[in-house]
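All remarks here apply to the structure that follows.
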Amino acid sequence: MSATAGKVIKCRAAVAWEPEKPLSIENIEVAPPGKGEVRLKILFNSLCRTDVYWWDVKGQNPLFPRILGHEASGIVESVGEGVTHLKPGDHALPIFTGECGECKYCKSEESNLCEVLRINSDRGVMLSDGKTRFSKNGQPIYHFLGTSTFSEYTVLHAGCVAKINPAAPLDKVCVVSCGFCTGFGATVNVAKPKPNDTVAVFGLGAVGLVACEGARVFGASRIIGVDLLLSRFEQAKQFGVTEFVNPKEHNKPVQEVIAEMTDGGVDRAIECTGNIQASISALECTHDGWGVAVLVSVPKKDAEFKTHPMKFMEGRTLKGTFYGHYKPRTDIPSVVEKYLNKELELDKFITHTVPFSEINKAFDLMLRGEGIRCLICMEE
């Protein structure tokens, strides 16, 4: 048992006190884990656009003060009552969606959702008692996605923690806890392209690039990247993209452009922007008879998907996915093993590194559209 088990830990955290204002490095208190909970020491974060999305709360419900962060890696510091699959010292990844192991979703091979622990962006407290584990001078600070990894220590439900091989470098595998699995799984687990298929990927940010990587690994003959930024094309070539389409450069809908390029449409399309029109275009650019489109990114709350029913009656399929259809505790350890066995590439996704004290630089880089993922080193 660790020396700090059962005690309040004082540590640094990057607190979002209000929307769109720089995060503030504060000294906070982190309570011990309750029943069914785990306290992690976070060693590395990588900034995901979802953190930025809820930081500026455009189209979302504001909840502040809050500790953001969800794509991370660390070591188990202590566990609460009833936790048996983890122990202090275990290397682990926090996951924004969980696996209780008992509900009908967890017991089904058809879904990676969980009745108890599925993603909930509006909840800022722990499930067990409706309270936060973070505070500063007695003021509660809310949780984010059940993870809140922009803190040197955080508390999660045990079902949201995946134990991994301690041989895995935590500064590399932190991207597995969100972005990599979200994009890669959308392609290989949901879209399931066959060798020599044509694939279109809408949005060449981090998740879109990983979706392209999945298509490359599965032997797609053509990977068409769709984005508004021409500057992303050169970088996307590293991930297998063979052609680039900028919708702004055409006087017709992009789905028509892609259909003309591919003799009727692509075999698979993956949408990674959250833009509802891009989602519609992804479906409509697939080939009739067998085309499959997969929606990955979260649209605005009031977005409506509108297309003609004939698009489906002609044999196209529309699917959605959270976290690439990976079950956190069951599947993530094997993803890490594939990286250790050199079956997957992760290193090329980290393009920048900053110390925790300069976390706002990571936000600046993302807002400028620079790089893929910025690694945030918690220990300085």
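Nothing here was measured: the structure is a model prediction, and the numbers come from that model. Hydrogens, waters and symmetry mates play no part in the numbers below; they use all other heavy atoms, side chains included.
Among Val83, Asp90, Leu86, the one residue that satisfies the side-chain contact (heavy atoms from CB on, under 4.5 Å) test with Val161 is Leu86. Leu156 pairs with exactly one of Leu145, Leu117, Thr147, Ile95 by the side-chain contact (heavy atoms from CB on, under 4.5 Å) rule, that one being Thr147.
Taking each heavy atom of Cys114 and Cys106 in turn, the nearest pair found is SG-SG, 3.7 Å. Of all heavy-atom pairs between Gly124 and Thr132, the closest is O-CG2, 3.6 Å. What you find for Tyr142 and Phe64 is that their closest heavy atoms are CE1-O, 3.7 Å. Looking at every heavy atom in both residues, Gly371 comes nearest to Thr351 through CA-OG1, 3.3 Å. Residues Arg373 and Ala206 come closest through the heavy atom pair NH1-CB, 3.1 Å. Closest approach of Leu40 and Ala92 over heavy atoms only: CD2-CB, 4.2 Å.
Linking Ile, Leu, Val, Met, Phe, Trp and Tyr residues whenever their side-chain heavy atoms come within less than 4.5 Å places Val188 and Val335 in a single cluster. Note: the hydrophobic cluster containing Leu43 also contains Val336 (ILVMFWY, side chain heavy atoms under 4.5 Å, direct or indirect links).
Side-chain atoms of Asn189 come within 3.5 Å of backbone N or O of Gly324 as a donor-acceptor pair. In terms of modelled atom types and a separation under 3.5 Å, the side chain of Asn341 and the main chain of Glu343 share no donor-acceptor contact.
The structure places CH2 of Trp54 at 8.5 Å from CZ of Arg66, a figure rounded to the nearest 0.5 Å. Atom SG of Cys178 and atom CG of Leu93 lie 11.5 Å apart (nearest 0.5 Å).
Residues Tyr323 and Phe96 bring their aromatic ring centres within 6.0 Å.
Among pairs with a residue in residues 208-225, those fulfilling salt bridge (Lys or Arg N to Asp or Glu O under 4.0 Å) read Glu213-Arg216, Glu213-Lys348, Arg216-Glu345, Arg222-Glu243, at least two apart in sequence or across chains. For residues 168-187, the set of pairs meeting the side chain to side chain donor-acceptor pair (under 3.5 Å) definition, not counting sequence neighbours, is empty.
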Report the C-alpha separation of Ser108 and Glu110 in whole Å, then their side-chain angles, then the decisive distance to 0.1 Å, and conclude whether the side-chain hydrogen bond (donor to acceptor under 3.5 Å, both in side chains) test is met. CA-CA 5 Å; Ser108 169; Glu110 300 296 320; 5.6 Å; no

Given side-chain contact (heavy atoms from CB on, under 4.5 Å), test Met378 with Asn45 step by step and report yes or no. CA-CA 7 Å; Met378 303 299 286; Asn45 272 281; 3.3 Å; yes

Walk me through whether Phe202 and Cys272 qualify under side-chain contact (heavy atoms from CB on, under 4.5 Å). CA-CA 6 Å; Phe202 287 72; Cys272 304; over 6 Å; no

Evaluate the criterion salt bridge (charged side-chain N to carboxylate O under 4.0 Å, His left out) for residue pair Glu99 and Lys327; output intermediate values, then yes/no. CA-CA 7 Å; Glu99 182 183 354; Lys327 290 180 181 287; 5.3 Å; no

Please lay out, stage by stage, how Asn246 and Phe233 fare under the test side-chain contact (heavy atoms from CB on, under 4.5 Å). CA-CA 10 Å; Asn246 184 342; Phe233 184 38; over 6 Å; no

Show your working on side-chain contact (heavy atoms from CB on, under 4.5 Å) between Ile332 and Cys181 and close with a plain yes or no. CA-CA 8 Å; Ile332 296 313; Cys181 286; 3.6 Å; yes

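The aromatic rings of His143 and Phe134 are tilted relative to each other, their planes meeting at an angle between 30° and 60°. A perpendicular orientation is assigned to the rings of Phe180 and Phe349, their planes being inclined by more than 60° (bins at 30° and 60°). Below 30°, between 30° and 60°, or above 60°: for His287 and Trp290 the angle between ring planes is below 30°, a parallel geometry.
Arg12 forms no cation-pi arrangement with Phe356, by the criterion of a distance under 6.0 Å to the ring centre and an angle within 45° of the ring axis.
A salt bridge does not link Asp364 with Lys361: every distance from a Lys NZ or Arg NE/NH1/NH2 to an Asp or Glu carboxylate oxygen is 4.0 Å or more.
Grouped with Leu283 in one hydrophobic cluster are Ile276, Ile280, Leu295, Phe305, Phe312, Leu318, the linkage being side-chain heavy-atom contacts under 4.5 Å among Ile, Leu, Val, Met, Phe, Trp and Tyr residues.
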